[in-house]
Undergrad: 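Can you keep this structure in mind? I'll have questions shortly.
Just follow the structure's listing: the first ligand is 1, and inside any ligand the first atom is 1. Owing to the predicted nature of the structure, the values given are computational and were not obtained by experimental measurement. Computed over heavy atoms, backbone and side chain alike; hydrogens, waters and symmetry mates excluded. For the single chain, residues carry numbers from 1 onward in sequence order.
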Amino acid sequence: MGTFLDSVPFSGIIRIRDMMYGVKDPFRLDQGDVSFDAPDTVKRAMHQAIDENRSHYLQTTGLPRLLELLVDKLRQKNRTPVSGPDEVMVTAGGIHALYIVCQALLEPGDEVIIPDPEWPPAAGNIKAARGVPVLCPLHERLGWRYDLFELSSKITPKTRAIYLNSPHNPTGGVLTRQDVEHIAALARDRNLWLISDEAYEDVVYDGAEHISPASLPEMYERTIPFYTFSKSYAMTGLRLGYVAAKDPKLRERMKKVLFYTASNIASVVQYGGVGGLEGPQDSIDVFLAELQARRDLFYAGIREHAGGVLSGDAPRGAFYAFLRIDPGWRPNGKDHVDSTSWAMAEYLISQGRIGCVPGADFGPTGEGYVRFCFARDRRELTGALASLRALLVGARV
Ligand SMILES: Cc1ncc(COP(=O)(O)O)c(C=O)c1O
């Protein structure tokens, strides 16, 4: 048995999900799932694929038409100089792309620098490939960005890659162009790979810009960008993502991992992806405008209803509120808790039916914070805020 897998942790999000199943009429602000539905273009294309019996094996790396569309998208939207469809692979979502990259790139003991806090599968996938995640804090005072000197101090002779995730889960931090340029220079000088998780590429607010590191000069050769249809096309359950890589040797390895884990990605879902990309892209703008309105509604509610127990600035990207918990807060008159963020999450779930994720689950820097997903519909958000008020303000008067 692969006993080393015993040391690869499950995400606490699983524990939260199990707790949520026991809650009647919950407010599901715990999972990173949008309340929108997939665009009609996606649904129609999947219906048509079913009607036309497109239910057979496909090319391992993806349906040729989908790969062609992805090459165009990567070139035009991400400004990444992809040469052709050979450099792109379709995966079962972003998480599968990350698994493939880690398996293909890492040798046992290779270090990968990841943000702290971070979406837990980043560390999990690095460990599953017998690599070593090295945490580098993001700082709330910098809008949840790196101190770039601190980042460079984490590089050792064993560092193989820096994993970037901008816009960022769980904090919503967005790296600036200068940040990305600085990190790109580090990667070039120290001969490192960048693994660039761009799951939230479309979700930036207030004029913030998403920069794909592979668009910078000479960076595509050492950057492996990956993407997902989960967020921009509300296709979380359909499992569709993609990854690009320039290096042919690395790609050959990635292709083996893809083949041995999936053979090919579900045909009907890939046709759905074709429909999504061939159709008009305005659903993304509509989705973004609505997300910004939900962000503002949620933060106004927190200021008004959380009695100062939860606070933080609205993020510039992604769709999470990563809120600081008043360090003096204790649930139900307890005088000690081991983890404020777990105590808060358990309290809000059990007493207020409000799904949320303890910040500590994303790394040590997340202790003292709690994450809410504000991509839920407005009624669910206002219901959760009313419940919060009853718990946090009601308890004080
Ligand atoms: C930072 C980040 N990367 C990648 C993903 C991958 O999502 P999926 O596997 O659904 O494509 C997620 C999903 O929540 C995420 O938050």
Undergrad: Which atoms of ligand 1 have any heavy atom of Thr228 under 4.0 Å away?
TA: 8 (P), 11 (O)
Undergrad: Is there at least one pair of N or O atoms, one from Lys231 and one from ligand 1, spaced under 3.5 Å apart?
TA: yes
Undergrad: Do the side chains of Asp206 and Arg295 get close enough for a salt bridge, i.e. N-O under 4.0 angstrom?
TA: yes
Undergrad: Give the ring-plane orientation class for Tyr99 versus His96, where under 30° counts as parallel, over 60° as perpendicular and anything between as tilted.
TA: parallel
Undergrad: Quick one: do Leu74 and Leu63 end up in the same hydrophobic cluster if we chain Ile, Leu, Val, Met, Phe, Trp and Tyr together by side-chain heavy atoms under 4.5 Å apart?
TA: yes
Undergrad: Any idea which atoms of ligand 1 are less than 4.0 Å away from a heavy-atom of Arg239?
TA: 8 (P), 9 (O), 10 (O)
Undergrad: Salt-bridge test for Asp30 and Arg28: reply yes if a basic N is under 4.0 Å from a carboxylate O, no otherwise.
TA: yes
Undergrad: Would you check whether Asn169 has a nitrogen or oxygen atom less than 3.5 angstrom from a nitrogen or oxygen atom of ligand 1?
TA: yes
Undergrad: Quick one: does Asp197 get an N or O within less than 3.5 Å of an N or O on ligand 1?
TA: yes
Undergrad: Select one of side chain, backbone, both or neither to describe which atoms of His168 lie under 4.0 Å from any atom of ligand 1, heavy atoms only.
TA: neither
Undergrad: Which heavy atom of the protein is the closest neighbour of atom 5 (C) of ligand 1, given with residue, atom name and distance?
TA: Trp119 CZ2, 3.3 Å
Undergrad: Under 3.5 Å, is there a donor-acceptor pair between the side chain of Thr223 and the main chain of Pro225?
TA: no
Undergrad: Can you confirm, on distance only, whether ligand 1 has an N/O atom lying under 3.5 Å from any N/O atom belonging to Thr236?
TA: no
Undergrad: May I ask you to decide whether Glu290 forms a salt bridge with Arg294, counting only side-chain N to carboxylate O separations under 4.0 Å?
TA: yes
Undergrad: With heavy atoms of Asn165 as the reference, note each atom of ligand 1 found under 4.0 Å away.
TA: 1 (C)
Undergrad: Ion pair present between Arg145 and Asp179, side-chain N to carboxylate O less than 4.0 angstrom?
TA: yes
Undergrad: Just to be sure I read this right, does ligand 1 sit under 4.0 Å from the backbone of Phe229, its side chain, both, or neither, counting only heavy atoms?
TA: neither
Undergrad: For ligand 1 and Gly94, I'd like to know whether there is a polar contact (N/O to N/O, distance under 3.5 Å).
TA: yes
Undergrad: So Phe372 and Phe298, would you call those rings parallel, tilted or perpendicular, with 30° and 60° as cut-offs?
TA: tilted
Undergrad: Look at Lys73 together with Glu201 and state whether they make a salt bridge at an N to O cut-off of under 4.0 Å.
TA: yes
Undergrad: Does Ile95 reach ligand 1 with a nitrogen or oxygen that is under 3.5 Å from one of the ligand's nitrogen or oxygen atoms?
TA: yes
Undergrad: Of all the non-hydrogen atoms in the protein, which one sits nearest to atom 10 (O) of ligand 1, and at what distance?
TA: Ser230 OG, 2.7 Å
